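All remarks here apply to the structure that follows.
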Amino acid sequence: MSRFWKPGTEKPVLVDDEEGGVLFYSSLSSSSRYGHASIEKQRQRLPVYKYRTSILYLVENHATTVIVGETGSGKTTQIPQYLKEAGWAEGGRMIACTQPRRLAVQSVASRVSEEMGVKLGEEVGYTIRFEDITNADVTRIKFLTDGVLLREMMDDPLLSKYSVIMVDEAHERSLSTDILLGLLKKIQRRRPELRLVISSATIEAESMASFFNNSRKRQERDTEELGPKKEPAILSVEGRGFNVQTFYSEEPVPDYIRAAVSTVSSIHDEEPMGDILVFLTGQDDIEAAIQMLTEDSEVTRKQGLFVLPLYSGLPRSDQDLVFSPTPRGKRKVVISTNIAETSLTLEGIAYVVDCGFSKQRFYNPMTDIENLVVAPISKASARQRAGRAGRLRPGKCYRLYTEEYYLNEMSAHGIPEMQRSNLVSCVIQLKALGIDNILGFDWPASPSPEALIRALEVLYSLGVIDDDAKLTSPAGFQVAEIPLDPMISKMILASNDYGCSEEVITIASVLSIQSIWFSVRGSQKELDEAKLRFAAAEGDHVTFLNVYKGFIESGKSSNWCHKNHVNYQAMKKVQEIRQQLRRIAQRLGIALKSCEGDTRAVRKAITAGFFANACRLEAFSHNGLYKTIRSSQEVYIHPSSVLFRVNPKWVIFHSIVSTDRQYMRNVISIDPSWLTEAAPHFYQNQQLKSRAQ
DNA sequence: ACTTCCTAC
């Protein structure tokens, strides 16, 4: 076993902590009871404070400043305040700070308003979907998701109200962050007075800086030019994370679930108190590990473990359990997907067990299918996972792979989402912003030409772009205006023609959230029975309408949801999205109209958006084998669909989830003649006829 | 016989 010190951190402060993590948690986390003066002192104790002058100098003199900030440096909360204190928000200008996640936007904004002693929504505000807590006249620092900032560009392409835009967590390389970075680089050329602050982890800093380097060979002239230097500056700010000692497996591990379980047992046996966080890949792994841990007689005998699962599909109340205090004398073990890598932060973790894998999405432009596969994580992820053990005190990380593997075989960072995704939404957003040459766009990470061409083909077949790849009018502009996937947006537009916009908007809202069903481990049967009460012979989309109707008729009762295994929180969200979409539809001139149960009209509207996802049951198929019309891919109806084992001859799916087989999720039955009606250009008559026999 | 994780006037 070898040791590993986290680079860039000081020697560990050794802390004698017989009491476990809880004590530290309470002593560090409660800032709200301090007065204003001591908030000021707290701010000055943050590592980033030492760099205040340097940061302001660099932002003043460089168009782009890349800040490398380890977690706990305070960069996100402090830099916007420094900028404001230095006058960047004077003269009606604003400072923007983007985050990839809604939750982060809310918590950072409220923290900063607290530090500044102002009411949230006044000088400091935030905007996320459905929540605009800003006041145009007084808000000077605005936190927002990068998706919202992209949407803002549709009205204000140069983002002219902002003097500085800070893009936080840029190293995560999310789809919308990368689109945003590409567009900001373009804006910079038109607005030399604009300043960018890109915050990134060490590993991506150089590539961020070189992406924003506009100076090229003109460095000599550059110094004589007025205005900021075009060459980006890089500044590193150390974090306040504690050291994490890392151990590797001596031999490659044949079964990481078993290895994770035995590692947890030996930590429990040999190490001082402190909570354990285990990273596995998905629900199945997690449940298997929990079962093994609770069945392990030796561990159970000691009765010392408090084991909790954590993944996004888990009901909220179960997720919240991981934040509950560890019972005295027990050790909390959270077994999690990578939701705990970035989205959720557990304080007080002393030990991390990292299996070295995660589920990752890969897109195949040839088949237009996104696959979900278990793949090795990157060094960057491994470091991030390890860091989860050192938030409040020094910790330990056990990697279930060899050091040799880490050093020589693990890739430095993951593949950007841009290169692993279907790009229809991304392309239409750029089109709407007037970017004509999509293939020539200066991306932070270029997607494959195949994926771009596929996206253009899909948009063309939807009638959203024309022969010159320009947005069509009005359909193209309307689809771009709806904040959903273009296929869904097209379905909403078509619902106007079929007189079923109310129903289709409900369906679009349900499809926008993860699941409307409340699924608990062990009650699968009850859930299946509940589904049967709403099941429609036409398929899942119509089933959603039945559920929504029942929910409304119950007076939006949470009790009704509980009885029917419907997720109440999800239904509230459906309602919110539905209201938003109704407003947008009205603005676009779509008449809000119900078809009063005419499910043919509803399915025709769905077909108008999703004709490309048509499948036909294979003749003589006994196991429900379908093939897609477009590319003859072999697919099956997902077991969660109401049409599972019903197997109608012709179906359309909303999406494919690819595990051991390709499963169609959310399926409706259709009449094949609707395909030629919806997209004559896409389905040549002979193509369907030749397959109809 | 099954669900990594996010976001969007």
Side-chain angles (χ1 to χ4, degrees), chain A residues 98-105 127-132 144-155 169 172-180 279-287 310-314 336-344 355 357-362 370-375 377 381 414 417 420-421 425-426 428-429 432 478-486 488-489 508 512-515 517 519 521 524-525 527-528 576-577 579-588 623-624 636-641 644-645 655-666:
Chain A
T98 74
Q99 297 289 323
R101 283 169 293 277
R102 294 161 45 97
L103 201 73
V105 169
T127 309
I128 57 181
R129 188 183 195 183
F130 304 124
E131 262 184 273
D132 183 7
L144 67 177
T145 52
D146 29 34
V148 167
L149 191 59
L150 279 175
R151 283 278 149 190
E152 285 191 2
M153 289 181 69
M154 291 204 180
D155 293 329
E169 314 288 4
E172 286 185 23
R173 311 306 303 269
S174 79
L175 200 54
S176 43
T177 307
D178 269 7
I179 301 172
L180 183 63
F279 285 102
L280 294 179
T281 64
Q283 187 176 347
D284 278 357
D285 283 6
I286 291 169
E287 284 173 2
L310 179 62
Y311 49 87
S312 124
L314 206 63
S336 173
T337 59
N338 41 359
I339 191 171
E341 197 177 300
T342 47
S343 305
L344 282 180
C355 77
F357 292 91
S358 69
K359 283 196 184 175
Q360 292 162 37
R361 189 177 54 200
F362 291 94
E370 288 183 329
N371 284 357
L372 203 57
V373 291
V374 173
I377 59 169
S381 282
E417 203 179 3
R420 300 186 279 116
S421 307
S425 293
C426 163
I428 198 162
Q429 265 183 315
Q478 288 175 319
V479 165
E481 189 119 338
I482 304 175
L484 296 170
D485 276 344
I488 300 252
S489 307
S512 299
I513 61 161
Q514 279 194 0
S515 173
W517 303 108
S519 65
R521 196 157 77 107
Q524 186 61 43
K525 234 181 209 158
L527 173 59
D528 286 345
E576 248 183 328
I577 298 174
Q579 287 313 118
Q580 182 193 16
L581 293 179
R582 288 178 90 229
R583 280 196 303 273
I584 296 169
Q586 279 179 303
R587 203 177 59 218
L588 295 177
N623 62 346
Y636 295 84
I637 293 180
H638 195 280
S640 66
S641 168
F644 179 61
R645 284 206 281 247
S655 64
I656 284 205
V657 46
S658 178
T659 48
D660 53 332
R661 287 173 168 179
Q662 321 261 40
Y663 288 105
M664 300 182 268
R665 256 170 133 186
N666 298 323

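Model, not experiment: these values are computed from the prediction. Values below: all heavy atoms of this structure, side chains included; hydrogens, waters and symmetry mates excluded. Note on naming: letters A, B, ... go to the chains in the order of the sequence lines (proteins, then strands), and numbering restarts at 1 for each one.
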Open item on the list: What is the separation between atom CZ on A/R583 and atom P on B/dA8, rounded to the nearest whole Å?
Closed with: 14 Å
Open item on the list: Distance alone, cut at 3.5 Å: any donor-acceptor contact between the side chains of A/T342 and A/E172?
Closed with: no
TODO: Find the distance A/L180:CG to B/dT7:P and express it as a whole number of Å.
DONE: 15 Å
Open item on the list: Between A/I584 and A/G282, which residue's closest nucleotide on DNA chain B lies nearer the 5′ terminus?
Closed with: A/G282
Open item on the list: Nearest whole Å is fine: how far is B/dC5 P from A/I377 CD1?
Closed with: 15 Å
Open item on the list: If you assign each of A/D485 and A/G313 to its closest nucleotide in DNA chain B, which residue comes earlier from the 5' end?
Closed with: A/G313
TODO: Would you classify A/E481 as touching base, sugar-phosphate or nothing, given that sugar-phosphate means primed atoms plus P, OP1 and OP2, and contacts are heavy atoms under 4.0 Å?
DONE: sugar-phosphate
Open item on the list: Taking any heavy-atom pair under 4.0 Å as a contact, classify A/Y663: base, sugar-phosphate, or nothing.
Closed with: sugar-phosphate
Open item on the list: Students often get this wrong, so: under 4.0 angstrom with heavy atoms, is A/V373 touching a base, only sugar-phosphate, or nothing?
Closed with: nothing
Open item on the list: Once hydrogens and angles are ignored, does a donor-acceptor distance under 3.5 Å link the base of B/dA8 to the side chain of A/R151?
Closed with: no
Open item on the list: From C-beta outward on A/N338, which listed nucleotide comes closest to its side chain: B/dT4, B/dA1, B/dC9?
Closed with: B/dT4
Task: Short side-chain N/O contact to B/dC5 OP1/OP2 from A/S312, under 4.0 Å - done: yes
Open item on the list: Does a side-chain N or O of A/R101 approach OP1 or OP2 of B/dC5 to a distance below 4.0 Å, or not?
Closed with: no
TODO: Using atom CG of A/L150 as one end and atom C1' of B/dA8 as the other, report the distance to the nearest whole Å.
DONE: 9 Å
Task: For atom CG of A/L581 and atom P of B/dA8, their distance in whole Å - done: 13 Å
- [ ] Could you label the plane-to-plane angle of the A/Y663 and A/H638 rings as parallel, tilted or perpendicular, counting under 30° as parallel and over 60° as perpendicular?
- [x] perpendicular
Open item on the list: Any base atoms under 4.0 Å from A/T337, or only sugar-phosphate, or nothing? Heavy atoms, all strands.
Closed with: sugar-phosphate
Open item on the list: For a quick test of reading the model: is some side-chain N or O of A/H638 closer than 4.0 Å to OP1 or OP2 of B/dA1?
Closed with: no
Task: B/dA8 phosphate, OP1 or OP2, under 4.0 Å from A/T145 side-chain N/O - done: yes
Open item on the list: I need the CD-C1' distance between A/E341 and B/dC5, as an integer number of Å.
Closed with: 10 Å
Task: Polar contact flag, side-chain donor to acceptor under 3.5 angstrom, A/E169-A/T177 - done: no
TODO: For B/dC5, take OP1 and OP2 only and decide whether either is under 4.0 Å from a side-chain N or O of A/T342.
DONE: no
- [ ] Report yes if some heavy atom in the side chain of A/L581 is under 4.5 Å from a heavy atom in the side chain of A/L484; otherwise report no.
- [x] yes
- [ ] Respond yes when some side-chain nitrogen or oxygen of A/R665 is under 4.0 Å from OP1 or OP2 of B/dC2, and no when none is.
- [x] no
TODO: Please check the phosphate of B/dC6 (OP1 and OP2 only) for any side-chain N or O of A/S343 closer than 4.0 Å.
DONE: yes
Open item on the list: Can you confirm whether A/E576 sits close enough to A/Q579 that some side-chain heavy atom of one is under 4.5 Å from a side-chain heavy atom of the other?
Closed with: no
Open item on the list: Strictly below 4.0 Å: does A/Q283 bring a side-chain N or O up to OP1 or OP2 of B/dT3?
Closed with: no
Task: Spacing of A/E169 atom CD relative to B/dC5 atom C1', expressed in whole Å - done: 15 Å
Open item on the list: I need the single residue from A/R151, A/R587, A/R583 that forms a salt bridge (charged side-chain N to carboxylate O under 4.0 Å, His left out) with A/E481. Which is it?
Closed with: A/R587
Task: d(CD, A/E417; P, B/dC5) in whole Å - done: 13 Å
Task: Side chain of A/K359 - closest among B/dA1, B/dT4, B/dA8 - done: B/dT4
Open item on the list: Nearest to the side chain of A/I339, heavy atoms from C-beta on, is which of B/dC5, B/dT3, B/dT4?
Closed with: B/dC5
